[in-house]
Amino acid sequence: MSTLQERTRFEPAEVEPRIAERWFASGLHHPEPGGTPAENYSIAVPPPNVTGVLHMGHALNGSVQDTLIRYHRMKGVRTKWILGTDHAGIATQKQVERALIAEGTSREEIGREAFIQRVWEWREEYGGTIIEQYKRLGATCDYDDERFTLDDDYVRAVLKVFVDLYDQGLIYRDHYMVNWDPGSRSAISDLEVEDREVTDTLVHIAYPLEDGSGEVVVATVRPETMLADTAVAVHPDDERYRHLVGKTAVLPLVGRHLPIITDDYVKPEFGTGCLKITPGHDPNDFDIGRRHDLDEVSVIGEDGRMTSEAGPDYAGFTALEAREKVVAALEAEGRIRHQEPYTHEVPYSHRSGERIEPLISLQWFMAMDELAGPAIEAVRSGRVTIHPESQSRRYIEWLENIRPWCISRQLWWGHQIPVWYGDEEQTYVGIDPPQGAGWERDPDVLDTWFSSALWPFATLGWPKATPELRAFYPTDVLVTARDILFLWVARMVMMGLRFPGDIPFTDVYITSVIQAPDGRRMSKSLGTGIDPLDEIEAHGADGVRFGLLAMSSSQDVRYSAEKVRQGQALANKLFNAARYVLLNVSAATDPAPRPATVHDRWILSRLQEAKAQFDANIATFDFAKAALGLYDFVYGELCDWYLEFNKGREYDDDLSATMLYVLRETLLLAHPIIPFVTEELWSHVPGAEDLLAGQRATGADDALRDPDAEARVGAVIAAVTAVRSWREEAGVKPGAVLAARLDGLDGDAELAARMARLDLGGDGDLTAVVTFSGGAAEIRAGTLVDPAEEQRKRDAERERLRNEIARAESKLANEGFVAKAPEHLVAAEREKLERLRRELEQQ
RNA sequence: GGGCGCGUAGCUCAGUGGGAGAGCGCUCGCCUCACACGCGAGAGGUCGCUGGUUCGAGCCCAGCCGCGCCCACCA
C-alpha cells in the first residue's frame, strides 16, 4: 500500500513485465481438456507466419481475441486460445534463400535436404519472435501447447486429407493453365494474384490468308506470344468476317497454319474484332482452345524465357526481349498495321511482385464444387455467422463461383506431396512411402493454405480422437482480417465439414483494416507503418488495446493515436481512483454492496447498467462500444460523480464496503480490455487473492438496480451542472461558497449544494435563479454580480424557455403528431411542456 | 463491367424515424486534501447536393457529386 501512496501515475513500463510474468507463470492460460465444446470456449489464433513480426493487424486481432478469451474465462468457462505458427512456404523460403545468397551460395547449390535443414534452423532462431511479442500485448494464448504447421502430427493430418481427397477423386493432376510466378518459380493460386494497371502497346498484326485472298488483322499487347498461336477467332455473328470462317491463316515468322474459328468469347467491338488464339499463354485462349480442341503450344518456359519451341531466333531470350525482336521482325515483313498505347489491368504475383506468366503446367488441383456446397449452406443456415453480416454475401458469392484450386507449389519448404511415381508410370499415393525401389516422390509441396485450412482441428490432434479435440472442437469464434476470408476462412469451413464433420467455428469476426492516419495503407515500404511495440512502449499495452478496440468498426479505420491516449488516460484514471479508494477505506472491511446514501444506491445501479451494456456489446462483437462504454462509466459516473459525492464523507464500514465493492466490480469489468492496470490494482485490494485474470465475474444484478436513485441523483447532477455553469458565466470565484436555496431536490439538496459550493443555511438578497430540469436554485448572495448583466441573462433564459414552450405547443397542436405518433412520445411531450412552464414561472 | 461501403464539429469517428454526440484539438478558469496523462466551464455542425415518403428525416427511398474497397477472362 505504501507504494500506492507514492505513485500518482500508472507506469506501464514498470508494471507490465511484472504482471505478465505472473500470468504466464500461473498456467491459467492452459486448460486441461474436459467438458464439451458447447460448455467450453475456444479460439484458434490465425497462425502468424514464422517469418512474422507483430504488426498493427496482429495487435488488433490479438486485442479482440484476448478480450473475448479473458471475458469468457472470467465467466467461469473453460477457455482455450489455440496458439501456433504457420510455416508460410514462400515467405519463409525466400527469407532463407536471401540469407544463402548473402553467404555466396544458393539453395540449388546446397541441395534440398540441406536447404530444409537450414530453414528449420532459421525457424528455431527467429520463429518465436512473434509469440514473444504477443505476450507484450498481454495475450493469454495457450503458450503451453504451441503448434506449428510442420509438426509431425500436423504433417500427418495434412497428408491424410490429401490422400483421402485423392481417393475420393477430388484431388487430381492435370495439365492446366496456371498463374506462373516467375519470381518464386512456382504456380500460385488465383487468390494470390493481384491486378495492377499498366500501359502496354497494343499491336495490330496482319496474318495473311493461306489462299492469298487477303489477311486478318489481330490486336495484341503480347506480340511475343504469337509464336504460340494456334488459331484466329471471330464472333459467330460478326458479318464482317463471315466469309473468313473456315479459312486458314498463316502465322507470320512461324508459318503455322491457323484455322479461323468462331467463339462467343470474342468481342466484335474490341480492336479489329479478330482474336489471335494462344492456348499456351493466355487463360481465355486456353479455355477457347479446349473448347475447339486446338493445339497447345508453349513458347515461354518456367524461367520466363523463350523455349526452343519459339524457334532459334528467340529461344533463351526473356519474354520482353522476345517481344521487341518479334515486333521488329514483323515490321521488317510489313505485318504491323498499327500500334497504340493501351492501359489495362494485368495480373501480378502478390508474393513476389512479378508479372504473372500464364502457363500450361502439370499441377495438382482440388475440385471445389462438392466441398463448397455444404460450406455455403453452413453460412446460409446461420450455423456459422459472419460479422459484419455484409461479409457473408461475399463469402457465399465466392463459393458459388468457385473454381478448381491449384494446390501444388514448386517450392521445397512445405508439406511435400505424398505421391510417388514408379519406374513404369505407376503412381502411388499414401501417407507412408511405398515399399520397394524405384519410386520417386513428387518434388512439389502443397500450397500453404492447404495446411492452414485444417488449422482449427489439426492443432487439436485430429485425426486422432484426442481429449483436446473432444473438448474444444468446434471452436467458438474466428477473428481475422477480411483479405483472407476466401484464402483461409472459407477453406476451413469446407475442410471442417468434410473431415471432422462439423463447422470449425460458430462465429467469424472480421476486423477492420487499420490504415495509416492519413488514410493510406500501413506499409513498411511506404513508410506508413506504425509499430505496435513502439506504441506499447509509449502508451502501455492497456492503452494500445483500448485504443485499437475503440477504433474498431465494421469498416476500415484510420489509426487513431488519440484513442490510444484515451486508453492510456483511462488506465491512469482507474489507477488513481483505485488509489483514492484504497487509501481511504478501512482495511478490515470486506467488499460488499452496503448502500447508506442515495448516491451509493445510484452507483450500484449504474454499475449494473455498465455491466449489462458491456455484456451486450461483447455478445454482438461491438468492441468499440464496449471499450468506450467502460470509459464513460469510469470517468462520467464513478470518478466525476460518485467519488466526488463521497469527499468529506466519513469512511465508515458501510462506505468502505461499498467503495471496495464498486472498485472490485469495476476491475472485474474492465479487465478483459485493460488487463495490466486492473491486475496491478487487484493486488492491492484487501482480501483479493490470486490473479484477477482467474477471478469469476458476474453479470448485472437486477436487485441492485434502482430507478428511484437514478432519478434523484440525475436531478442532483442536473442541478450541480446548471449552477456550475452559471457560476462560471457570472465570474464567481471557484472557491466561493454562495448562500442559496434549492427547490425540487428534496432530501438531496445538501448533496447538490456541496458539489456546487452552495450554502443552504445562508441568506441574502436574491442574486439569480438558475433553473434545471426538475427544479431551480435561488442564489442569494446579494449583488455579487452585475445586476444588469444578470437581468440580461435571465431575459435570455426566459426567451429560450418561451421558444421551447412554443415549440412543444405547436407540436402538440399538430393533429398528425397527436394522432399518429406513439402514445408515450405524446405524453412525454406534454410532460415536457408542463415542466418548461414551471421553469418559466420560477425564473 | 458487376457488387459493397463511406461522406455528421478543425481532426478521427459514434449516432438507422421523435429536440445533433464522444475523444482529441481550441478558448476561459482552477496546483479543489486520487489523478495537471488532472478538474470545471465554453466556443464550434444549413449531418455531401437535389428531390421524394412521413405528423416528423442525420437516419427510409430515388437521382446526382466526391472517396474507398472487393470481385470479374475484353485481346
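No hydrogens, no waters, no symmetry mates; every other heavy atom, side chains included, goes into these values. Convention: sequence-line order gives letters A, B, ...; per-chain numbering from 1.
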*Asks:* Does the side chain of A:Ser725 get closer than 4.0 angstrom to OP1 or OP2 of B:rG42 through an N or O atom?
*Replies:*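 True: A:Ser725 side-chain N/O within range (under 4.0 Å) of B:rG42 OP1/OP2.
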
*Asks:* Who does B:rC6 pair with, Watson-Crick or G-U, both distances under 3.5 Å?
*Replies:*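 Check on B:rC6: paired to B:rG66, both distances under 3.5 Å.
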
*Asks:* Whole angstroms only, please: what is the CG-P distance between A:Asp632 and B:rC24?
*Replies:*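 Rounded to the whole Å, the gap is 11 Å.
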
*Asks:* Given the structure, check if the side chain of A:Lys647 and the base of B:rA34 hold any donor-acceptor pair shorter than 3.5 Å.
*Replies:*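 Yes, a donor-acceptor pair under 3.5 Å.
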
*Asks:* Please determine, for the side chain of A:Asp195, which listed nucleotide (B:rC4, B:rA72, B:rA14) has the closest atom?
*Replies:*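 Comparing B:rC4, B:rA72, B:rA14 against the side chain of A:Asp195, the answer is B:rA72.
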
*Asks:* Can you tell me how far C1' in B:rU8 sits from the matching atom in B:rU16, rounded to whole Å?
*Replies:*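 To the nearest whole Å, 14 Å.
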
*Asks:* Could you work out the separation of B:rG42 and B:rG23 based on their P atoms and round it to a whole Å?
*Replies:*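 Here B:rG42 and B:rG23 have their P atoms 14 Å from each other.
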
*Asks:* Passes salt bridge (Lys or Arg N to Asp or Glu O under 4.0 Å), A:Glu797 versus A:Arg800? Steps please.
*Replies:* CA-CA 5 Å; A:Glu797 176 63 8; A:Arg800 186 188 69 84; 2.9 Å; yes

*Asks:* Rounded to the Å, how far apart are A:Arg565 CZ and B:rG25 C1'?
*Replies:*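 That distance rounds to 10 Å.
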
*Asks:* Distance check needed: B:rC35 P versus A:Arg579 CZ, whole Å only.
*Replies:*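 Between P of B:rC35 and CZ of A:Arg579: 6 Å.
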
*Asks:* The side chain of A:Glu345 lies closest to which of these nucleotides: B:rA72, B:rC71, B:rC4?
*Replies:*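 Of the candidates, B:rA72 comes closest.
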
*Asks:* Counting Watson-Crick and G-U wobble pairs only, both distances under 3.5 Å, name the nucleotide matched with B:rA14, or none.
*Replies:*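 Per the H-bond distance test, none.
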
*Asks:* Can you tell me if A:Tyr342 touches the phosphate of B:rA75, counting only side-chain N or O atoms and a distance under 4.0 Å to OP1 or OP2?
*Replies:*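 Yes, A:Tyr342 has a side-chain N/O under 4.0 Å of OP1/OP2 on B:rA75.
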
*Asks:* Any luck finding a side-chain donor-acceptor pair between A:His350 and A:Glu192 under 3.5 Å?
*Replies:*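 No, because no side-chain N or O of A:His350 sits under 3.5 Å from a partner of the opposite role on A:Glu192.
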
*Asks:* Nearest whole Å is fine: how far is B:rC4 P from A:Ile396 CD1?
*Replies:*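 Taking atom P of B:rC4 as the reference, CD1 of A:Ile396 is at 14 Å.
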
*Asks:* How many whole angstroms separate atom CG of A:Leu825 from atom P of B:rA57?
*Replies:*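 Between P of B:rA57 and CG of A:Leu825: 15 Å.
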
*Asks:* I want to verify a distance call: between B:rC35, B:rG40, B:rG29, whose nearest atom is closest to the A:Asp640 side chain?
*Replies:*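 So the nucleotide nearest the side chain must be B:rG40.
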
*Asks:* Is any side-chain N or O of A:His344 closer than 4.0 Å to OP1 or OP2 of B:rA75?
*Replies:*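 So the side-chain polar atoms of A:His344 do come within 4.0 Å of the phosphate oxygens OP1 or OP2 of B:rA75, strictly under.
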
*Asks:* A:Tyr265 ring centre to A:Lys267 NZ or CZ under 6.0 Å, with the angle to the axis within 45°?
*Replies:*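 Cation-pi check for A:Lys267 and A:Tyr265: passes.
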
*Asks:* Distance criterion of 3.5 Å, no angle test: do you see the side chain of A:Glu728 paired donor-to-acceptor with the base of B:rG29?
*Replies:*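 Such a pair does not exist between side chain and base.
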
*Asks:* Taking atom types as modelled, find out whether A:Gln568 and A:Arg565 have a side-chain donor-acceptor pair closer than 3.5 angstrom.
*Replies:*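 Absent: no donor and acceptor within the cut-off.
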
*Asks:* For A:Tyr207, check side-chain hydrogen bond (donor to acceptor under 3.5 Å, both in side chains) against everything at least two apart and list the hits.
*Replies:*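 With sequence neighbours excluded, A:Tyr207 shows a side-chain hydrogen bond (donor to acceptor under 3.5 Å, both in side chains) to A:Asp229, given in chain and number order.
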
*Asks:* For the P atoms, the ones on B:rG25 and on B:rG38, what distance do you get once it is rounded to whole angstrom?
*Replies:*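 Pairwise P distance, B:rG25 against B:rG38, rounds to 9 Å.
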
*Asks:* Measure from NZ or CZ of A:Lys647 to the centre of the six-membered ring of A:Tyr580 and say whether it is under 6.0 Å with the direction within 45° of the ring axis.
*Replies:*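 Here A:Lys647 passes the 6.0 Å and 45° test against A:Tyr580.
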
*Asks:* Side chain of A:Arg757 only, please: which of B:rC71, B:rU32, B:rA75 is the nearest?
*Replies:*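 For A:Arg757, the side-chain atoms sit closest to B:rU32.
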
*Asks:* What residues from residues 566-575 of chain A pass a heavy-atom cutoff of under 4.0 Å to RNA chain B?
*Replies:*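 The stretch gives A:Gln566, A:Gln568, A:Ala569, A:Asn572, A:Lys573 as the residues lying under 4.0 Å from the strand, ordered by number.
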
*Asks:* Starting at CZ of A:Arg9 and ending at P of B:rA36, how long is that distance when rounded to a whole Å?
*Replies:*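 Value for this atom pair: 7 Å.
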
*Asks:* B:rC59 and B:rC6: how far apart are their P atoms, nearest whole angstrom?
*Replies:*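 Approximately 13 Å lies between the P atom of B:rC59 and that of B:rC6.
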
*Asks:* Out of B:rG40, B:rC70, B:rA36, which nucleotide sits closest to the side chain of A:Arg724?
*Replies:*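 Side chain of A:Arg724 sits closest to B:rG40.
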
*Asks:* In whole angstrom, give me the gap between the C1' atoms of B:rG58 and B:rA9.
*Replies:*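 That atom pair is separated by 14 Å.
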
*Asks:* Taking only the side-chain heavy atoms of A:Arg482 (C-beta and beyond), determine which of B:rC69, B:rG5, B:rG40 contains the nearest atom.
*Replies:*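 Out of B:rC69, B:rG5, B:rG40, the nucleotide with an atom closest to A:Arg482's side chain is B:rC69.
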
*Asks:* Between B:rC67 and B:rG56, how many Å separate the two C1' atoms, rounded to a whole number?
*Replies:*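 It comes out at 32 Å once rounded to the nearest Å.
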
*Asks:* Find the distance A:Phe270:CZ to B:rG1:C1' and express it as a whole number of Å.
*Replies:*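 Distance check: A:Phe270 CZ to B:rG1 C1' gives 14 Å.
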
*Asks:* Could you tell me how far B:rG40 sits from B:rC35 if I compare only their P atoms? Round to whole Å.
*Replies:*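 Those two atoms are separated by 14 Å.
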
*Asks:* What's the closest nucleotide to the side chain of A:Cys639 if the choices are B:rC4, B:rA34, B:rC73?
*Replies:*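 Looking only at heavy atoms from C-beta outward on A:Cys639, the closest nucleotide is B:rA34.
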
*Asks:* Answer yes or no: side-chain N or O of A:Glu562 and base N or O of B:rA22 forming a donor-acceptor pair under 3.5 Å.
*Replies:*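 Answer no: no donor N or O sits under 3.5 Å from an acceptor.
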
*Asks:* Which nucleotide in the set B:rC71, B:rG18, B:rA75 lies at the smallest distance from any side-chain heavy atom of A:Lys811?
*Replies:*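 When the side chain of A:Lys811 is considered, B:rG18 is the closest of B:rC71, B:rG18, B:rA75.
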
*Asks:* Specify the separation, in whole Å, of atom CD of A:Gln391 and atom C1' of B:rC4.
*Replies:*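 Between C1' of B:rC4 and CD of A:Gln391: 8 Å.
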
*Asks:* From C-beta outward on A:Thr220, which listed nucleotide comes closest to its side chain: B:rG38, B:rA75, B:rA14?
*Replies:*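 So the side chain of A:Thr220 is nearest to B:rA75.
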
*Asks:* Under 4.0 Å: is that the gap between some side-chain N or O of A:Ser560 and OP1 or OP2 of B:rC11?
*Replies:*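 For B:rC11, neither OP1 nor OP2 has a side-chain N or O of A:Ser560 closer than 4.0 Å.
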
*Asks:* For A:Phe645 and A:Ile717, work out which heavy atoms get closest and say how close.
*Replies:*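 Between these two residues, the closest heavy atoms are CZ-CG1, 4.3 Å.
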
*Asks:* Using the P atoms only, state how far B:rG18 lies from B:rC60, rounded to an integer number of Å.
*Replies:*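 Between the two P atoms, the distance is 11 Å.
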
*Asks:* Can you tell which of B:rA75, B:rA34, B:rG18 lies closest to the side chain of A:Ala821?
*Replies:*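 Of the options given, the side chain of A:Ala821 lies nearest B:rG18.
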
